[in-house]
Amino acid sequence: TVDRAADGDDLYTVFYDASNGSLMFSSSTDGGGSWPSVTTVDTVTNTGQYPAIAVNPAASPSADKLYVSYHDATATHLRFVSSSDGGGSW
């Protein structure tokens, strides 16, 4: 899943890494030309399936805050995390 920030150049994505069963995150500041790093959002085995990401619009007080929902197959729960620093911490 990919979402775009209000400025149009910043892209954010979350995806399930089946090789280790983790939820991963990456961002691009050049419209998707490069994705310099991939970080782990959740590492519990078999979690992060069916992720969705949303970015607050720039006009809001929480501009560019990120929201992620995903399925944790291990615990059979829907989970939700957010980041107020562009995905630096969750």
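Position 1 is the first residue of the sequence; numbering continues from there. Note that the structure is a prediction, hence the values are computed from the model and not measured.
- Partners of S37 by side-chain hydrogen bond (donor to acceptor under 3.5 Å, both in side chains), not counting sequence neighbours: none found.
- Side-chain contact between P51 and L23 is present, with at least one heavy-atom pair separated by less than 4.5 Å.
- In terms of hydrophobic clustering, with Ile, Leu, Val, Met, Phe, Trp and Tyr side chains grouped at heavy-atom distances under 4.5 Å, Y16 and V81 are assigned to different clusters.
- Between Y67 and I53, the closest side-chain pair of non-hydrogen atoms is not below 4.5 Å.
- With sequence neighbours left out, the ring pair (Phe, Tyr, Trp, His ring centres under 6.0 Å) criterion links W35 to no other residue.
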Exercise. Please assess V2 against Y12 for the test side chain to side chain contact (heavy atoms under 4.5 Å, CB included), listing each intermediate value before the final yes or no.
Key: CA-CA 6 Å; V2 175; Y12 303 95; over 6 Å; no

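- Minimum interatomic distance between K65 and S83 (heavy atoms only, all atoms of both residues): CG-O, 3.2 Å.
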Practice problem: Dump the intermediate steps for side chain to side chain contact (heavy atoms under 4.5 Å, CB included) on D42 and Y70, then the final yes or no. | Solution: CA-CA 10 Å; D42 195 339; Y70 58 98; 2.6 Å; yes

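- A donor-acceptor pair under 3.5 Å links the side-chain atoms of D30 to the main chain of S34, judged by distance alone.
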Quiz item: Can T40 and M24 be said to form a side chain to side chain contact (heavy atoms under 4.5 Å, CB included), step by step?
Solution: CA-CA 5 Å; T40 303; M24 309 303 287; 3.4 Å; yes

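- Scanning for ring pair (Phe, Tyr, Trp, His ring centres under 6.0 Å) contacts around F25 gives W90, with sequence neighbours left out.
- The shortest non-hydrogen separation linking S27 to P36 is O-CD, 3.4 Å.
- Residues A75 and R79 share a closest heavy-atom pair of CB-NH2, 3.9 Å.
- Distance check, rounded to the nearest 0.5 Å: NE2 of H71 to CG of N46 gives 8.5 Å.
- Under a 3.5 Å cut-off, the side chain of D85 and the backbone N or O of S89 do form a donor-acceptor pair.
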